[in-house]
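Report on the structure given below.
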Amino acid sequence: MSESHSDQLLSEVAALPQLPGVYRYFDSAGGVLYVGKARNLKKRVASYFQKNHGGTRIGHMISKIARMETTVVRSEAEALLLENNLIKSLKPRYNILFRDDKSYPYLKIASHTFPRLAYYRGAVDRKHRYFGPYPSAWAVKESIQLLQKVFKLRTCEDTVYSNRTRPCLLYQIKRCTGPCVGHITPEAYAQDVSNAEAFLMGDTQAVLAQLEGRMSRHAERLEFEQAAELRNQMSALSRVLHQQSIEIASDKDVDILAVKVQGGRACVNLAMVRGGRHLGDRPYFPVHVEDATQMYRGEREAELDPNVESAGEPTAEGAEPMQRSVEVQVLEAFIAQHYIDVPVPSTLVMSELVGRELIEAISQQAGSRITAVFQPRAQRRHWLEMAEKNAALQLARLLAEEGSQQARTRALVDALELAPDDLDNFRVECFDISHTAGEATQASCVVFERHAMQNREYRRYNIEGITPGDDYAAMRQVLQRRYGKLAEAMAAEVDAPPAGDAAGVGSDAKPGTRAARMPDLVLVDGGKGQVSMAREVFSELGLPLSLIVGVEKGEGRKVGLEELVFADGREKVYLGRDSAALMLVAQIRDEAHRFAITGMRAKRAKVRVGSSQLEDIPGIGPKRRARLLQRFGGIRGVAAASVEDIASVEGIALDLAEEIYRALH
């Protein structure tokens with residue numbers, strides 16, 4: 001295997017120290033192939049190059065290695081944390097990778113004389129109190145409704161709160177105590193806030209005892225109305241506790257992790273318990289599972305191979321390296337990558353037994369002791385069984401959806417009589433033009449590959465230098481920009497001797513990326529006119545016309561009556577309303593249209609008001625944005641203003657002014 005690698009690379013391998021560290025392999029185009037860790041860098045890395053791995057996945061990967069980078073660390077725990085930070089940021093081809101998810105939402109109790117409950121997503125600060133994270137927006141909103149029923153805290157924004165002269169509907173239906181009009185004292189409201197916080201932290205018995213004590217004192221003073229109010233509050237809280245089965249005071253914050261592997265795919269189901277309440281769960285589906293597990297198997301075989309010099313790493317008392325199941329590998333990858341950015345609860349309940357060093361590393365990173373529980377009992381066992389069932393259901397749903405998408409891809413390939421080299425890598429790029437009466441013209445390019453929309457590869461193109469409203473000229477420009485340099489690079493590859501480097505680079509594609517090759521199909525949203533324009537561009541660039549297909553709206557522009565128009569002279573094709581191929585074409589076309597519309601609207605708003613950056617701040621709508629821009633003369637003026645200046649604008653409270661200031665600096 002080493003014969004295919006440069007002398008420089010092999011000399012670097014030979015010079016590696018026998019210390020713990022992390023290594024990265026890169027291909028000739030600079031793409032990251034694999035990130036790994038080792039107790040002993042020299043022995044682990046050498047094992048890749050001293051054995052012939054044949055036509056296996058690991059052999060295929062090793063044959064692509066052009067260069068290597070290593071980082072020496074102080075301990076195996078540091079190596080593990082660095083490894084997964086790099087996996088998450090570099091997204092290598094042969095590691096188990098969990099895609100970045102949207103940030104988790106929190107329940108926020110904003111700092112104020114009369115604090116408000118709010119849904120919040122973003123970076124937390126010390127000024128306010130945050131509870132969570134929660135698995136979904138629904139879980140936060142359900143908790144807010146619960147707290148309104150029991151503790152009657154306000155949810156209105158400060159600007160609404162400060163301008164009320166009479167209580168709102170929430171007061172009328174007993175979901176708020178009316179602090180905006182003085183129906184409750186600051187001391188009594190603060191007590192309700194304290195009880196709500198204690199409830200969210202799981203101190204439910206303390207809350208009930210405190211309410212009971214207050215009720216008794218009111219009754220002793222013959223204040224029966226206040227005592228009855230507290231009695232009703234206790235009854236509401238007791239019903240909540242009963243309905244949500246909050247039974248175990250010791251289990252306040254727990255994450256339950258269940259993994260299921262089937263058909264080359266995997267699902268990790270994360271269920272979250274906070275303050276003793278089961279808040280719900282969220283499934284995660286990693287990629288590269290088969291490649292990564294083959295890599296791991298190859299590493300273990302190399303370590304145990306007696307013909308590989310110094311391949312094995314030292315193990316406890318001379319034992320052989322432990323063979324981990326696919327489930328364990330997936331779960332360990334999730335734990336290591338997920339808890340890089342998310343707070344770790346004190347207890348993790350898991351369906352598989354993971355390595356002790358992983359839990360120790362996570363504990364070290366969190367700065368607190370983390371307890372890992374395998375084969376739990378009692379309530380924890382019920383939680384785990386529920387998480388395992390959800391993992392199996394979510395994975396079955398994914399496999400069914402992927403099977404359906406694969407069938408749609410096959411139907412489209414058959415309907416258009418295409419012959420892709422690999423159906424799984426069949427790539428479609430679809431273009432659409434959007435503008436408003438010629439203003440803010442944008443073109444969108446969306447990508448379908450591996451039987452799914454690849455939103456990370458979407459592109460928007462600002463169209464300039466054309467007559468406003470000329471969709472044909474806009475289509476010409478975007479196609480030339482997308483495929484012009486790509487066509488030149490392809491022509492150069494034909495004339496140049498093979499050099500092993502990635503030459504096919506489009507104007508918006510980096511070497512080694514999927515965007516650096518021609519798609520198998522180019523869809524344009526439009527009929528004969530748009531297809532004719534695409535045909536002209538492809539003819540000028542020397543690209544095959546058979547790739548171009550237009551999606552022409554049918555009679556009455558009704559969905560399901562679309563016809564396909566070909567650039568190479570073939571007759572129009574109507575696939576039929578129930579055709580799986582037409583469903584896929586419509587899905588891709590509609591996504592291109594949606595992506596173009598959202599881009600055009602954002603650009604138009606930016607042109608008209610200077611920036612849409614303000615509207616990204618929670619609590620800033622069109623009216624407040626307009627007031628800010630009018631007062632300070634534009635977004636730059638707002639950014640240069642102090643917190644006090646921003647707060648002087650009508651409708652902008654001090655808290656909101658501080659959030660605006662933080663967002664713009």
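Along the sequence shown, residues carry numbers from 1.
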Phe374: partners by ring pair (Phe, Tyr, Trp, His ring centres under 6.0 Å), with sequence neighbours left out: none

side-chain contact (heavy atoms from CB on, under 4.5 Å) assessment of Arg116 paired with Asp158: CA-CA 8 Å; Arg116 65 181 284 253; Asp158 290 347; 3.8 Å; yes

What I'd like to find out is whether the side chain of [X] reaches to under 4.5 Å of the side chain of [Y], using heavy atoms alone.
{"X": "Ile184", "Y": "Pro179", "answer": "yes"}
{"X": "Ile335", "Y": "Met350", "answer": "yes"}
{"X": "Arg164", "Y": "Cys156", "answer": "no"}

[X] side-chain N/O to [Y] backbone N/O, donor-acceptor pair under 3.5 Å:
{"X": "Ser444", "Y": "Phe595", "value": "no"}
{"X": "Ser351", "Y": "Val259", "value": "yes"}
{"X": "Lys91", "Y": "Lys88", "value": "yes"}
{"X": "Gln337", "Y": "Phe98", "value": "yes"}
{"X": "His288", "Y": "Asn95", "value": "yes"}
{"X": "Arg282", "Y": "Leu270", "value": "no"}

Which distance, rounded to the nearest 0.5 Å, do you find between the [atom1] of [X] and the [atom2] of [Y]?
{"X": "Arg625", "Y": "Ile620", "atom1": "CZ", "atom2": "CD1", "answer": "10.0 Å"}
{"X": "Thr177", "Y": "Tyr189", "atom1": "OG1", "atom2": "OH", "answer": "6.0 Å"}
{"X": "Leu147", "Y": "Leu107", "atom1": "CG", "atom2": "CG", "answer": "6.0 Å"}
{"X": "Gln262", "Y": "Leu398", "atom1": "CD", "atom2": "CG", "answer": "10.5 Å"}
{"X": "Ser136", "Y": "Leu279", "atom1": "OG", "atom2": "CG", "answer": "8.5 Å"}
{"X": "Glu332", "Y": "Ile359", "atom1": "CD", "atom2": "CD1", "answer": "8.5 Å"}

Partners passing side-chain contact (heavy atoms from CB on, under 4.5 Å) against Ala657 (at least two apart in sequence or in another chain): Val643, Ile646, Ala647, Ile652

His128-Tyr120 aromatic ring centre distance below 6.0 Å: no

Ring-ring centroid check Tyr134 Tyr106, cutoff 6.0 Å: no

Glu659 bridged to Arg624 by N-O distance under 4.0 Å: no

Show me the donor-acceptor pairs, under 3.5 Å and distance only, between side chains in residues 384-397 and residues at least two apart or in other chains.
from, atom 1, to, atom 2, distance (Å)
Glu385, OE2, Arg381, NE, 3.3
Asn390, ND2, Asp281, OD2, 2.4
Asn390, ND2, Met386, O, 3.4
Gln394, OE1, Arg397, NE, 3.0
Gln394, OE1, Arg397, NH2, 3.0
Arg397, NH1, Glu401, OE1, 3.2
Arg397, NH1, Glu401, OE2, 3.0

Counting only heavy atoms not in [X] (residues, nucleotides, ligands), do more than 12 fall under 6.0 Å from its [atom1]?
{"X": "Lys127", "atom1": "NZ", "answer": "yes"}
{"X": "His112", "atom1": "NE2", "answer": "yes"}
{"X": "Lys260", "atom1": "NZ", "answer": "no"}
{"X": "Glu650", "atom1": "CD", "answer": "no"}

Verdict with supporting geometry, Lys152 and Arg175, side-chain contact (heavy atoms from CB on, under 4.5 Å): CA-CA 5 Å; Lys152 304 180 183 177; Arg175 294 292 183 268; 6.0 Å; no

Residue pairs, two or more places apart or on separate chains, that pass ring pair (Phe, Tyr, Trp, His ring centres under 6.0 Å) and touch residues 338-366: Tyr104-His338, Tyr284-His338, Phe334-His338

Donor on one side chain, acceptor on other, Ser111 and Arg129, under 3.5 Å: no

Distance-only donor-acceptor check, side chains Ser642 and Asp645, under 3.5 Å: yes

Residues forming a salt bridge (charged side-chain N to carboxylate O under 4.0 Å, His left out) with Glu352, sequence neighbours excluded: none

Residues Leu153, Thr155; criterion side-chain contact (heavy atoms from CB on, under 4.5 Å); working and verdict: CA-CA 7 Å; Leu153 303 183; Thr155 56; over 6 Å; no

Ring-face cation contact, Tyr119 with Lys141, 6.0 Å cut, 45° max: yes

Within 45° cone of Tyr161 ring axis and under 6.0 Å: Arg154 NZ or CZ: yes

Enumerate, atom names and distances included, each donor-acceptor pair closer than 3.5 Å involving a side-chain atom of residues 72-86, sequence neighbours excluded.
from, atom 1, to, atom 2, distance (Å)
Arg74, NE, Glu78, OE2, 2.6
Arg74, NH2, Glu78, OE2, 2.6
Ser75, OG, Glu78, N, 3.2
Glu76, OE1, Arg39, NE, 3.3
Glu78, OE1, Arg74, N, 3.4
Asn84, ND2, Leu80, O, 3.1
Asn85, ND2, Leu81, O, 3.0

Chi angles and distances behind the side-chain contact (heavy atoms from CB on, under 4.5 Å) call for Asp255, Val344: CA-CA 8 Å; Asp255 276 357; Val344 193; over 6 Å; no

